[in-house]
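Read the structure below first, then the notes.
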Number of protein chains: 2
Amino acid sequence: MNLKEFSHRIGLSPTTVSRALNGYPEVSERTRRKVLESAERLGYTPNSRAARLATGRAMTIGHILPLSKEHEMVNPIFSDFIAGAGEQYSKSGYDLSLSVVQDEDEAEAYRDLATRGVVDGAVIHGPKVEDPRIRLLGELGLPFVVHGRSSRVQGEYNWVDVNNRRAFSRATEFLLDLGHRRIGLINGLDGMDFATRRLNGYGDALAAHGIDRDPELVFSGEMTENYGFATTMQMLGSRNPPTAILISSIIPAMGARRALHDLGIGLGDEVSVVIHDDDLSYFRNEGDIPIFTATRSSVREAGRLCADILLDTIRGARDERRHVLLEADLTVGQSTGPAPAMRHLIDRDRAEALRRPQALT
Amino acid sequence: MNLKEFSHRIGLSPTTVSRALNGYPEVSERTRRKVLESAERLGYTPNSRAARLATGRAMTIGHILPLSKEHEMVNPIFSDFIAGAGEQYSKSGYDLSLSVVQDEDEAEAYRDLATRGVVDGAVIHGPKVEDPRIRLLGELGLPFVVHGRSSRVQGEYNWVDVNNRRAFSRATEFLLDLGHRRIGLINGLDGMDFATRRLNGYGDALAAHGIDRDPELVFSGEMTENYGFATTMQMLGSRNPPTAILISSIIPAMGARRALHDLGIGLGDEVSVVIHDDDLSYFRNEGDIPIFTATRSSVREAGRLCADILLDTIRGARDERRHVLLEADLTVGQSTGPAPAMRHLIDRDRAEALRRPQALT
DNA sequence: TGAGATTCTCAAAGCGCTTTGGATAATGCA
DNA sequence: TGCATTATCCAAAGCGCTTTGAGAATCTCA
């Protein structure tokens with residue numbers, strides 16, 4: 001049933017019905033109630049295709065999921081992020097359009113989304129250090145928000161990011177305090193902005209303690225379980241292995257744990273591990289004492305925030321840019337302890353305190 | 001720029017331009033080339049909102065991601081599935097609309113998608129044993145495909161499923177052959193169709209060997225790491241622990257491995273584990289000898305197949321239903337071995353052969 | 001060369017909604 | 001009661017595309 005027929009059936013003009021349904025003030029409460037009721041009863045729902053053409057609004061937000069030919073991998077945080085964002089879209093009556101494209105076609109995909117007029121805004125996932133998509137969306141005039149930031153892009157834009165640098169310098173400092181001096185870093189893919197910031201945070205803390213960064217202890221790659229396994233194996237098999245490792249995600253941390261197990265090395269005991277925990281719904285690092293000592297920041301919450309910001313800029317007249325910087329608190333779990341060589345040196349009470357679970361914010 | 005302006009600029013009528021762009025035969029090749037070229041040069045792309053209204057086609061497939069208030073968890077296979085399906089949609093010029101809703105609102109969400117006319121078809125994820133969505137979509141007249149099946153729903157419909165029963169009876173038989181008699185099952189959530197089929201396959205194999213199903217060895221729940229840990233702990237802490245465990249996904253298998261490790265029990269040695277592996281991109285069970293002995297079936301491929309089938313039924317005139325039943329081959333990895341009590345009884349050569357990696361199809 | 005067939009092009013009518021500008025009915029105030 | 005407001009409602013004009021039905025142009029072949 002279309003508007004014409006529906007309005008005719010209930011003895012009103014299409015105009016009035018449309019106004020009643022869309023909450024315009026020109027229609028009396030009594031009429032509005034009657035319209036809503038009849039729509040429910042007769043099963044009338046306005047056709048969105050027509051509404052979108054008439055209003056010029058797509059009522060849809062675009063997300064692009066790029067797949068690279070080599071890696072063929074979907075970012076494991078993607079689904080949690082989208083769940084968070086999608087929740088907010090639903091609440092505001094927006095739809096979510098997801099385009100899966102080969103990564104070399106990504107720019108074209110954004111352009112397409114914009115010119116075809118199927119979205120009112122877009123989200124940029126996984127920004128690189130110098131990400132061309134930011135400029136592109138700016139030129140296209142499509143409102144957008146970045147999940148993360150792009151260090152080498154100047155100009156203002158909307159973003160929601162974790163304070164990666166701070167989180168990783170905090171985590172590194174924590175390990176340094178425990179007496180660790182050789183600390184490995186299993187980081188995300190080179191070129192990703194978050195990976196760079198984390199590397200810097202790690203480097204900052206080491207530098208503050210006068211420790212040189214050993215390139216043999218720093219890895220970058222896609223965060224799979226196997227990657228965590230392989231890098232941990234490599235580090236621990238070297239002639240000068242680390243006593244502690246920082247890992248950028250809980251997924252490679254699974255691989256690291258496997259490596260430690262295979263080598264018969266005690267986690268949190270002989271080798272300490274601190275992870276960054278995105279609080280993935282199927283992989284909770286929880287319990288009285290979490291398994292891993294971790295800097296945690298919910299990626300689902302980041303999704304919600306991105307959505308809120310984007311919807312705000314789409315609806316809002318004011319043209320200001322909005323940012324959110326999330327702090328990732330460090331929570332001590334079972335995976336960290338005093339550096340082996342230090343164990344007898346460290347004050348017993350202090351060591352005990354450091355092992356106790358607590359938010360160190 | 002719109003069609004009117006564009007066609008005027010290149011000295012043609014809107015009709016001709018539209019036909020040229022949409023590949024109708026009424027336009028000469030020369031004209032078509034000229035139009036395509038000019039569109040490229042002048043940056044004209046037809047407005048999809050208008051096209052959708054005019055054609056009555058949404059050129060969009062709907063997926064619904066339900067979130068339950070209690071679990072708050074996103075199915076970890078979701079992103080890989082969607083990546084597979086999305087790939088195919090893109091190739092065919094279809095968009096993918098993703099609705100994130102509270103699970104109690106799911107039926108309403110499908111209804112909404114259909115009546116608002118924003119999708120031409122939909123995919124049903126994670127069907128229950130008796131799933132009302134199948135009937136609902138049938139009534140709505142919306143083409144759909146189910147990823148999985150629903151045992152207690154009669155009537156024909158499109159689906160793509162893994163032969164779960166066969167996979168799990170195979171896996172169970174494999175363990176029985178290795179001499180295991182007490183075999184645990186860490187299964188998916190009760191009520192899910194796939195979980196029921198897997199339970200049946202497991203039960204079939206046990207029954208064929210005259211073994212009663214011990215309810216204390218069967219668990220159902222959401223497949224998180226912690227779930228795998230907790231159930232494994234519980235089983236191995238009982239007075240009559242299993243010597244082998246079947247696990248429905250690699251995620252809880254991580255938890256099981258953690259439990260074994262914590263208890264100091266050797267994986268594949270003292271306790272054997274067989275998993276079902278969805279071949280998640282960030283969690284590959286690979287290597288010369290895979291870590292886990294597993295029945296494997298790529299969920300990404302299932303996504304591709306679902307998309308193909310759905311697009312086919314949307315475009316195709318013929319009203320036949322289509323099914324795909326995927327067989328999950330068993331591949332032997334490092335996580336299985338002869339049952340401890342049997343070890344001295346089993347012929348050495350045979351045991352060796354069973355440990356060797358191979359597809360047993 | 002011209003009739004018929006073929007190829008190409010076009011004007012105009014939707015698709016189902018929103019929204020403007022104006023008409024009508026109801027209400028308030030003197 | 002009469003006039004000015006105000007509260008309701010409506011007709012009609014788009015939104016930008018597709019597609020029908022038909023006309024103009026070109027081609028084919030006797």
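Note that the structure is a prediction, hence the values are computed from the model and not measured. Within every chain, numbering begins at 1; the chains are lettered A, B, ... in the order of the sequence lines, protein sequences first and strands thereafter.
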When you check the phosphate oxygens OP1 and OP2 of D:dA12, does a side-chain N or O of A:T15 lie under 4.0 Å from one of them?
no
Indicate yes or no for a side-chain donor-acceptor contact from A:S92 to the backbone of A:Y94 under 3.5 Å, with no hydrogens or angles considered.
no
Quick check: does any side chain N or O of B:N158 sit under 3.5 Å from a backbone N or O of B:R322, one acting as donor and the other as acceptor?
yes
Any side-chain donor-acceptor pair under 3.5 Å between A:D193 and A:S151?
yes
Want to settle it: does B:T55 or B:V27 sit nearer the 5' end of DNA chain C, counting the closest nucleotide to each?
B:V27
Anything under 4.0 Å to a heavy atom of chain B counts; send over the first and last such nucleotide of DNA chain C, read 5' to 3'.
C:dC8 to C:dG16
Could you tell me whether the side chain of A:S7 and the main chain of A:L3 form a donor-acceptor pair under 3.5 Å?
yes
Quick check against the 3.5 Å criterion: does B:R52 have a side-chain atom that pairs as donor or acceptor with the backbone of B:A58?
yes
Remember a base hit wins even if backbone is also touched, and classify A:Y44 as base, sugar-phosphate or nothing at under 4.0 Å, heavy atoms.
sugar-phosphate
The answer to which of B:R19 and B:A50 contacts DNA chain C further toward the 5' end, by nearest nucleotide, is B:R19
Using whole Å, what does the distance between atom P of nucleotide D:dA7 and atom OH of A:Y24 come to?
18 Å
Any side-chain donor near an acceptor of the partner, B:S18 and B:T15, under 3.5 Å
no
By the 4.0 Å heavy-atom rule, please label B:S28 as base, sugar-phosphate, or nothing.
sugar-phosphate
